[in-house]
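Convention: sequence-line order gives letters A, B, ...; per-chain numbering from 1.
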There are 2 protein chains.
Amino acid sequence: MKSGSPIADLCSIERTLQIVGERWSLLVLREVLLYGHSKFGDIERSLTIAPNVLSERLATMVDAGVLEKHEYREAGSRARFSYHPTDAGRDLIIVLAALQQWGDDHNAPEGGVTVTRSLGDSPARVAIVDSSRRAHDLDDLRFSPTAAYVRAR
Amino acid sequence: MKSGSPIADLCSIERTLQIVGERWSLLVLREVLLYGHSKFGDIERSLTIAPNVLSERLATMVDAGVLEKHEYREAGSRARFSYHPTDAGRDLIIVLAALQQWGDDHNAPEGGVTVTRSLGDSPARVAIVDSSRRAHDLDDLRFSPTAAYVRAR
DNA sequence: CAGTATCCTGAACGATACTG
DNA sequence: CAGTATCGTTCAGGATACTG
């Protein structure tokens, strides 16, 4: 994704979007992280994405350290690669969960929620937590730019 | 943003991306939600975005119920509109925070983190919480598609 | 099947002129 | 200043052929 604003490189939001901000990126990640798809063809079929596009999206995410390729070989055919999240990639699941939660809460599909998030048998939500891991109200959250950052804008 | 996959309308991730998945959408929201910008010109200057593009992004987010226009009038000039988050829009702050946190954690800018998130005087993180608002490890999170959804794919 | 290479199209974007 | 309208451009994406 093209850089964008003047502070593109300083802002972590923008830097993350440079990796996963393309139209298909987060959907590819949905396939890998939520549905456990790892083979090229599985992702391709599930998304009906053009193969060159999928190839490119996978490559940029591999380059960015979000996914990694594992070689595998099925009986009688050549070596292939499957695509798996790195630890960093796995952390992006929270972005997907946040997008999903907002959609569920404010723009739910016709027939109601289609995919639920759970922790054991209780529902899971994405929230802002303090250092003792307790959730707070969104209104309590503050963003504080550093002096250097303010100067740059 | 164009629909995408075959299950575009069923998936809350995709539905949300249809609203905020364009290149500039989340950056406009950063201006409004994080930096408190509400005037057209303020956002325009801060992002150096083309006015027609900004106009369109604002319009789609107003249509989607993420932002709302408030009329205001400065002494001696005509009525203008300022743009403010709705309650639904405010909830998108968690998506921004999640993107930012990932960037901070795994792809931090050269000079270190530029904008911190805090709750009072303690740092804030985005996390998965259970019904009693306690954070859990990401590995414990499960996504469960409904039967109807599985059928559709 | 798992991709890569080519070519083409379109939509989002950029620049800019224009209006109240 | 706050937008809208127009026009040109560019790049992501779509279709498809091709290779091992």
Side-chain angles (χ1 to χ4, degrees), chain A residues 1-6 8 14 17-32 37-64 67-84, chain B residues 1-6 8 14 17-32 37-64 67-84:
Chain A
M1 171 175 258
K2 210 182 143 193
S3 294
S5 90
E14 290 200 54
L17 288 175
Q18 285 167 26
I19 299 172
V20 298
E22 299 291 346
R23 185 134 105 230
W24 286 104
S25 308
L26 288 166
L27 299 184
V28 172
L29 279 179
R30 178 189 69 189
E31 298 300 314
V32 176
H37 290 165
S38 63
K39 294 182 185 172
F40 192 94
D42 288 342
I43 303 171
E44 185 185 12
R45 261 186 311 281
S46 182
L47 292 175
T48 54
I49 182 179
N52 59 334
V53 176
L54 175 56
S55 182
E56 199 182 309
R57 287 298 84 86
L58 288 170
T60 53
M61 290 199 279
V62 168
D63 286 350
L67 299 178
E68 56 189 14
K69 295 159 72 160
H70 293 170
E71 195 171 333
Y72 73 99
R73 178 183 301 270
E74 277 170 357
S77 37
R78 70 172 167 91
R80 302 280 159 70
F81 292 97
S82 56
Y83 300 85
H84 302 269
Chain B
M1 172 176 259
K2 208 182 143 194
S3 293
S5 90
E14 289 200 54
L17 288 175
Q18 285 167 25
I19 299 172
V20 298
E22 298 292 346
R23 182 137 107 232
W24 286 104
S25 309
L26 289 166
L27 299 183
V28 172
L29 279 179
R30 178 189 69 187
E31 299 301 315
V32 176
H37 290 165
S38 62
K39 293 181 185 172
F40 192 94
D42 289 341
I43 303 172
E44 185 185 10
R45 262 187 310 281
S46 182
L47 292 176
T48 54
I49 181 178
N52 59 335
V53 175
L54 176 55
S55 181
E56 198 182 310
R57 287 297 84 86
L58 288 171
T60 52
M61 289 198 280
V62 168
D63 286 351
L67 300 177
E68 57 190 12
K69 295 159 73 159
H70 293 170
E71 196 169 333
Y72 74 98
R73 179 183 300 270
E74 277 169 358
S77 38
R78 71 172 166 92
R80 302 281 158 71
F81 292 97
S82 56
Y83 299 86
H84 302 268

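- Side-chain atoms of A:E14 and A:S5 include a donor-acceptor pair closer than 3.5 Å.
- Nucleotides of DNA chain C lying under 4.0 Å from heavy atoms of chain B occupy a range whose first and last members, 5' to 3', are C:dA12 to C:dG20.
- With sequence neighbours left out, A:K2 forms a side-chain contact (heavy atoms from CB on, under 4.5 Å) with B:R23.
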Anything under 3.5 Å between a protein N or O and an N or O of nucleotides 5-9 of chain D, put it in a table, one pair a line.
residue, atom, partner, partner atom, Å
D:dT6, O4, B:N52, ND2, 3.1

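- Heavy-atom distances to DNA chain D give each of B:S82 and A:E22 a nearest nucleotide, and the one nearer the 5′ end belongs to B:S82.
- Among residues two or more places apart in sequence or in another chain, the side chain to side chain donor-acceptor pair (under 3.5 Å) test is passed with B:E31 by B:H37, B:S46.
- Side-chain contact check for B:K39 versus B:Y72: some heavy-atom pair is nearer than 4.5 Å.
- The CD1-C1' distance, from A:I19 to D:dA12, rounds to 18 Å in whole Å.
- In this structure, the side chains of B:L54 and B:W24 stay at 4.5 Å or more apart for every pair of heavy atoms.
- The CD1 atom of A:I49 lies 8.0 Å from the CG atom of A:L27; values are rounded to the nearest 0.5 Å.
- Looking at A:F40 and A:P51, their side chains come closer than 4.5 Å, going by heavy atoms from C-beta outward.
- In terms of position on DNA chain C, the residue among B:R78 and B:T48 whose nearest nucleotide sits closer to the 5' end is B:T48.
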Identify all side-chain donor-acceptor contacts of residues 55-63 of chain B below 3.5 Å with residues at least two apart in sequence or on another chain.
residue, atom, partner, partner atom, Å
B:T60, OG1, B:E56, O, 3.4
B:T60, OG1, B:R57, O, 2.9

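- Among the duplex regions that DNA chain D forms, those built from at least three successive Watson-Crick or G-U pairs under 3.5 Å are C:1-20 with D:1-20, ordered by first number.
- No donor-acceptor pair under 3.5 Å is formed between the side chain of B:Q18 and the backbone N or O of B:M1.
- Ranked by how close their nearest DNA chain C nucleotide is to the 5' end, A:G4 and A:R80 are led by A:R80.
- The side-chain heavy atoms of A:V28 and A:V20, taken from C-beta on, include no pair separated by under 4.5 Å.
- Atom P of nucleotide D:dT10 and atom NZ of A:K2 are separated by 10 Å, given to the nearest angstrom.
- As rounded to whole Å, 11 Å separates atom C1' of D:dA12 from atom CD1 of A:I49.
- Although no hydrogens or angles enter the test, the distance criterion places no donor-acceptor pair under 3.5 Å between the side chain of B:E71 and the main chain of B:F81.
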